[in-house]
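Worksheet: the structure to be examined is printed underneath.
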Amino acid sequence: MNGQYASLLIALPLLSAFFVPLIKGLGERGIKYYLAVITALQTGIAAWVFQQVYSTGKPIIVMAGGWKPPVGINLYIGHFAALFVLIVAVVSFFTAVFSIWSMKVQPIDKYAMLFLLLMLGATGMIATGDIFNLFVFMEITAISAYALTAYNKTGEAAEASLKYMILGGIGSSFFLIGVALIYGSLGTLNMAQIAQLAGNMNPTVAQVGLALIVFGLAVEAELFPLNAWAPDAYQAAPHAITVMFSAFVVKAGLYATARLLYLMQAVGSWHDVLKLLVAMATLTVVVAEFAALRQKDVKRMIAYSSISQVGMIAFALALGSQAGVDAGVFHMVNHAVVKALLFLGVGYVGIKLGGTAMENFQGLGKRMPLTAFALTIGSLAAVGIPLFNIFWSKVRILIAGVEAGYTWGVALILGASVVEAVYYLRFIHAMWFAGEGERMREGLAISLILLLLAALVIVIGIYPDYIWSLAQKAGSDIFNVGQYIKNVPLMEVGA
Amino acid sequence: MISVYYFGAISLILIGLYAVLVKKNVLKMLIGLSIMETGVNLLLVSIGYISGRSAPILSEGIGPNQAVDPIPQALVLTAIVIGVATTAMALSVAIILYGKYGTLNVEEIRRLRG
Amino acid sequence: MNEILIILFTPLLAGVLAWAFDFRGVREVIGLIGAAVPLAYLVKLYPAVIEKPVDYALTVGGFTLQFQLGTMSWYFAAVASLVGLAMAFGLVATSRSGYDWLFALMSFTGVLGVFLSQDFIGFFLLWELMTFASFMMVLKRNRHESLKYFVLSVIGAYAMLLAIGILYARTGALDFETIRQALIIDVSLGTIGKGETILLFTLFLTAFGVKAGAVPLHVWAPGAYSETDQSYTAFFSGALSKAGVYGILLIYMLMGYKLYAELGTFHGHLTFAYVIAWIGAITVVVASFLAVLQEDIRKLFAYSSVGQVGYILLAFGVGSPLGFAGGLFHVLSHAIFKGLFWLVTAAIILQTGRTRFRDMGGLAEKMPFTFAMGLIAVLSLAGIPPMAGFASKWLIYEAAIQAHMPLVAGAIFLGSGLAFAYVVRFLYGVWFGQRPSELEDVKEAPLPLLLAMTILAIPNLVFGVAPGVVTGYINRILMGDVVGGDYYRLVTQTGTYNALLVSTALVIGLAIAGLVYLYGAKARRVPVTDTYQSGNPVTEEFNLSIRRNFYRPLAEALEFWLRYSWDRFYERLAKLSEDFADALRQAFYNGNVQSYSWYLAIVLLILALWGVL
Amino acid sequence: MSEIGNDGVISYELKEFKLFEPLFKWARKKSLWIVAFCTGCGGIEIPPLATARYDFERFGIMPNPSPRMGDLFLITGYVTPKTLKRIIITYEMMQDPKYILAHGSCPINGGVYWDSYNVVKQLDRYIPVDVAIAGCMPRPEAVMDGIMEMMRRIEDGTADGWKRYRENYEYYRRNQDELFGEGWREKEARRWLAWI
Amino acid sequence: MIDWKLILEVIGILLYATFMGFIFMGIERKAMARIQRRVGPPLYQPIIDTLKLLGKKESISHGFIYDFGPVFALGASIAALLFIPIANFQLFSSNADLIVVAYLLEVPMLGIMLGAMSSGNPFSAVGVQRGLLTMVAMQLPYGLALIALIQHWGTFKLSEIVALQGAQGWSVTVPALLIAMIVFDIVFQAMLGLEPFDIITAPAEISMGPMVEYGGKHAAILFTQHAVQIFAETAFFAVLFLGGASNLLELLIKQIAVLFIAIFVASIYPRFTIDQAAKFFWKWPTILGIIAVLLTV
């Protein structure tokens, strides 16, 4: 079965990560180029997998060690996984190219290893079909994220990493309790089988298990009370890593929550969990937007904005309707592109002008017009101006939200996005119409990436049909669990 | 069938949580964290225990239905490894923190806020 | 037919090209073409539109955007593109950068799209585009005013989005036609309760009220209108405020029957229409009073524009067919005379660089053509009979009094009196009296601006003398012989107005007076200083004119009311919410890991309690 | 047309009503408007004329605050140079068939203030007086008689003070400049600037 | 096609109106004098004054608009007159209704203001300010009175109102419209610029207000305009509230009656200051107007 190449998606980063210490002799430059090559390779494979999945329409199932699913661990690369693995790969490639230029802190081989492990973890979380395997990949992502946050070796970085570690640790322990409870009552770890047997679990254990799993993943997916670590982690991490955090690390957590949520549909108190999640998601959007209003540091401001957009995705996924999930996935794609653009731009300015405080951005239009233009496109898109990509997904989410009956939730989110408009437009005004400065030379590679992403934003904005069709397929992949169970070749083993 | 081990595991988890929530010193918090992890591992193992059966080492005397359910034990192995990794990482970060901030009191480590 | 596509998107395309090729000559030519094409195509499509509305559907991102050029949308689009063409000529003279052209033409596309679109997603998309483009024009010059404008209009837009969502949830459709049918059927079904209809009505009212500048939401208008390139403001207040008014018509078309069924009538008037009428009346009175007391020429016209749009709201609020006819006619007349006013202001500011009345004066000799255009605009706005302004105001009077809304009609009387006052204030402040020495070398406005003014002045005269032309078309919109009479006469059940005869009477009167004037001794020109100051000799340094707070007595008479101002209220509200946001941030993200873990523990507690219940 | 002639003398042709001259002459006689400008001690003598007892309104006489519309200029009492400046400016603002009625002896020869340094002895040297009423503040009857005399003069056309002022304007101008000094209008105006 | 009869009628009415206007101004001065037990000028005194002003040998001008102002004012007054049904002569009144006439009666104010403003004299500027404020102040009660009338008779056309009054008795007989008439009468006082509201041309304060720079033929034109205006306004008052007239004599009597009410009020009351006037107009007349309007709805 030629599907087996898909397992390379996991194998390649793992092997190349452990291969890094061996090539330490090539020197700093060599490692960085090596990193870029690996990520390029990964993008190639991901693109090939994406093309195959979307052309044949059937998901690729990779059985570890040839064992049939309930016994063996399987990778289930459906429409969603194919799309998102490609996004993970592409964003990692861009960040790799960016870090070639931007990474100055010395132990570069450690950086490369952690970078690859982070990418591996995220890809694994998205592709896996087994909940404990999900836990393991989540831990890999988490640990590499802790390390990378502390990578700058400054006081703040260490503090942020500590916070992330403690909250992440608590979260993952409770996630493990949830997994244990589910395994205890169902006897299986495979997602497809869980979905089949979820109906006949005894209600209290199912309720507690589901709640704990969702709680564990919610810490990773930055929902309201649990996301206190996120702004610090985003701010303190190196600029390249923040791009990866916001573009796909959070999304992996979100996908996992959505996947497990919709798997356990048959559980009695499913709707109460949904209502709780919708409430938490709306609060995330509102609190994060309010927090971003008077920020002095642009990177922290965009971190809050990213948290609020992620909250909006969680709101969409937790609506419990097909339209909601499709809109959520569409917003995931758009958000990834826009936030990658914004964080890359801010990181670039941060390094070139030293620091990402608002003062450096005064009159950026005169100093670095290309970056300023890209940042403007990014912020306009983030606000939700028509002819840019987030407008389409935001409209879809809000209409799905009202259709699902959460009119008050939608009203609050709209109020929050008014606040978002205010601070983004203040940012644009600061860039173009305030402050002076003479024109500086801007790097070619970075400007090329920024302009490519900006062009992508505008193209999706003007012609969103293609991406919307992808999002619909990916959404249905998560939503109708029946199809998911049919796709996974379950071996008939006694419970 | 709620066996007595569940109570032990859950109490361990709560003790760990208590330590993280109340203790001011970073190291004590980390110790609390690892206690919680051991509690979770204990819960995981105890779920797989079927009373009156021996350890899941397949030898001639013990077949699949004489031994206890092996899968949770396998899971616990990986969970322990992960616990070790996180605690090691946390301690190294704590060392940097002490170097930079000169204190381990959680109240003072608050440069990133608002 | 893709004519609609051409009408809609040529301005945007031209804007982008003008921004791309940002050179002196090229940018202007592209901009002019971009602004002229919609008007040309609209005129070409006129015969087609008369029989059957032209339709066009476009599928974007899973939504089907339907556009329709019916009689009503043709009317609004024609008004907008006329003012747009004048704006383009104005921009040739006043704007120096491609930035202005890009966003001016983008808002032009937005407004045309709003008028032509037949489904809510297209409507909302182009509404947002219009708001964003006009916001960017203001952002360039003043951040505070532009943010105030953007926040208010975004609150309006999002209110509309919420209403669209509710409608979609209830009727399952997004395009106007199906929603209309669904709501009519729904009257008997009753799925949408009374409370929800009121919610929908208030949401739509806020959305369109913000754009039209109804009183509680008019706060953005003075700042936004004055802080941008003045020739763009001609379009901003001439055409963009019509989008808000078009929205009110949309409420009538879509939810009219439903609102009637739910809210019933009040003293013989539709309750919801009565509310709109009273909002319009209050807007007219409040805005006109504020306009009279302004010291800055742009602020004066901004408040006056808000007041005039209040007239249109009032006319639609009356609810009778004559009310709609009056309102629609006033849409046209407001667009032309207000557009003309703003172009005159653009000329003045371009040539003198001053915007306050105290620094200006005696420009009549220096800028004769602009003065003549200003006089036409003054006559039209004040509602002097031979002008278009009077014809539409006359129709609104007829409608309001016929529909037995006396106090609302009283508001129009007061409003038109105040309009007369602030328009004369403009004449005195800018054109007459002693000329400050620095303005000696002021020259006439550049040619393109003069051309722009003539484009808007001619319709003022033509539709003033022959209002029948416009009412003829309006009858076609309202599908009924609402306003009778031929080209020169307007006949309604209770009154007639023969514009031609009134003009001829005025001409006769002028001729007689002219004869009396010519008979007397030849008048010799006398310098300004030869004036009676109780016998004191007067030199140039004397300040012979009152240009600062001209209406101080009125301010003293209104002293009680002027203590309260909507503006300060909104500023305090904004500051309050920003401080709340800051406090929330400090409280929640206080940097202490312990408190963060407490948050986690609290969530666990909630889960535990919820699990137990 | 009006053009500024030599040293500020404004010369322009006047309107000649050939056909209606007698009608206008009658109208001028029957409607004399007094310029509300009271100088010296006679100012208080004018209001009694307007009361029911004498009522000059019977003859169409009406006080009018604006010089542009006024015809009859009453000089009621002594004239100091300071007041004379205002009188000259107001007189020149009045439109043409205008007449001056001087009350009391002061305008004629300085009267009681014959030796005062600050009184204009002979008003006629500065502005053309048509009718002068003797008496140190003539009684209302005398003033009424003076007005009757003025109306008779207008009737037969001999009240031509305005024509005399126009024809020999240099004479009057020279006397005025002699009294006040050259360019006194600007100097006077500049003195007021401090207050405005 | 030219309707000679109409043209002759128009010319006749115009001459009659101007003449009677001057006589009304004469009556005004004569009545005031008689009240003060003075003999007072002959009735035709305003005609003499206008002739004298017209007969001035020189006249000065402050620019084109300064000349255009009075001419426009007189033209507008003449136009307004043509649309009021004078006794049995329906001049153009079939082509315009109440609102058009009400607006045409206000247009001369703009003409005077134009001229006054361009004269560049501070007194005239204060006069313009006061004129506009009075107009603004009186607009609300004026409108309410008209609305009450229209609502009662249900039509805007003056000729129809006259016919209805002929049939059902004068407007004054209706209680609601009586209140409207009182309001209209107060406003009428301000429109004529008589005593309590002659703030515009406050003779002692700002020396003839807007008309301070006007002399010679400009003043003559303004006087004729004032004459035509008085005739038009009194005729308007008579048509609206006193049931129009079948012949000129009846109209004349009604006009003089109205005029005398105004004169009696004028000769008693001292002058309002402008903000007192504004406050007054927005207090009593407006309340009365609202009552009248609510009674007739």
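Since the structure is predicted, the reported quantities are computational estimates derived from the model, not experimental observations. Hydrogens, waters and symmetry mates are skipped; everything else that's a heavy atom, side chains included, is used. Every chain is numbered from 1 and lettered A, B, ... according to where its sequence line falls, protein lines coming before strand lines.
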Q. Would a 4.5 Å heavy-atom cut-off, applied to side chains only, mark C:I602 and A:P225 as touching?
A.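 C:I602 vs A:P225: side chains apart.
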Q) Considering only heavy atoms from C-beta outward, does the side chain of A:F215 approach that of C:L600 to under 4.5 Å? A)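 SC-SC contact between A:F215 and C:L600 confirmed.
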Counting heavy-atom pairs under 4.5 Å with chain C, which one of [options] comes out on top?
options	value
A:V286, A:I462, A:L380, A:V419	A:L380
A:L212, A:V410, A:I385	A:I385
A:L167, A:I399, A:V395	A:L167
A:L276, A:N227, A:V383, A:T204	A:N227
A:F174, A:W229, A:Y466, A:Y463	A:F174

Measure distances from [X] to the heavy atoms of chain A and classify the residue's part below 4.5 Å as side chain, backbone, both or neither.
X	value
C:L129	both
C:I121	side chain
C:F120	neither
C:L12	side chain
C:L147	side chain
C:F63	both
C:L607	side chain

Of the backbone (N, CA, C, O) and the side chain (C-beta and beyond), which part of [X] lies under 4.5 Å from a heavy atom of chain C, both, or neither?
X	answer
A:V208	neither
A:I166	side chain
A:Q295	side chain
A:S469	neither

So which of [options] has the biggest tally of heavy-atom pairs under 4.5 Å with chain A?
options	value
C:G62, C:S595, C:A159	C:G62
C:L126, C:I166, C:V151, C:L604	C:L604
C:R143, C:R141, C:Q586	C:R143

Q.
Can you classify the ring geometry of A:F391 versus C:F124 as parallel (below 30°), tilted (30 to 60°) or perpendicular (above 60°)?
A.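 Parallel.
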Which atoms form the tightest heavy-atom contact between [X] and [Y], and what is the distance?
X	Y	value
C:G165	A:V402	C-CG1, 3.3 Å
A:L425	C:L139	O-CD1, 4.5 Å
A:D465	C:T59	OD2-O, 3.7 Å
C:Y599	A:A228	CD1-CB, 4.5 Å
C:G591	A:E159	O-OE2, 4.0 Å
A:R294	C:D582	NH1-OD2, 3.5 Å

(Q) Using the ring centroid of each side chain, check whether C:Y99 and A:F433 are separated by less than 6.0 Å. (A)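 Between C:Y99 and A:F433, the centre distance is under 6.0 Å.
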Q: Show the numbers, then the answer: is there a ring pair (Phe, Tyr, Trp, His ring centres under 6.0 Å) between C:F588 and A:F290?
A: CA-CA 11 Å; C:F588 186 73; A:F290 273 14; over 10 Å; no
Q. How far apart are the C-alpha atoms of C:L125 and A:W392, what are their side-chain angles, what is the distance that settles it, and do they pass the side-chain contact (heavy atoms from CB on, under 4.5 Å) test?
A. CA-CA 9 Å; C:L125 185 137; A:W392 292 107; 3.3 Å; yes
(Q) One pair to check against ring pair (Phe, Tyr, Trp, His ring centres under 6.0 Å): C:Y589 and A:Y304. What are the steps and the verdict? (A) CA-CA 11 Å; C:Y589 295 106; A:Y304 277 119; 5.2 Å; yes
In Å and rounded to the nearest 0.5 Å, what is the [atom1] to [atom2] distance from [X] to [Y]?
X	Y	atom1	atom2	result
C:M136	A:I428	CE	CD1	5.5 Å
C:I155	A:L414	CD1	CG	10.5 Å
C:Q594	A:K163	CD	NZ	12.5 Å
C:Y596	A:D232	OH	CG	5.0 Å

**Q.** Expected output: side-chain C:K140 to main-chain A:W432 donor-acceptor under 3.5 Å
**A.**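 Between the backbone of A:W432 and the side chain of C:K140 there is no qualifying donor-acceptor contact (under 3.5 Å).
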**Q.** Trace of the salt bridge (charged side-chain N to carboxylate O under 4.0 Å, His left out) decision for A:K394 with C:E128
**A.** CA-CA 13 Å; A:K394 205 176 210 179; C:E128 278 269 316; over 6 Å; no
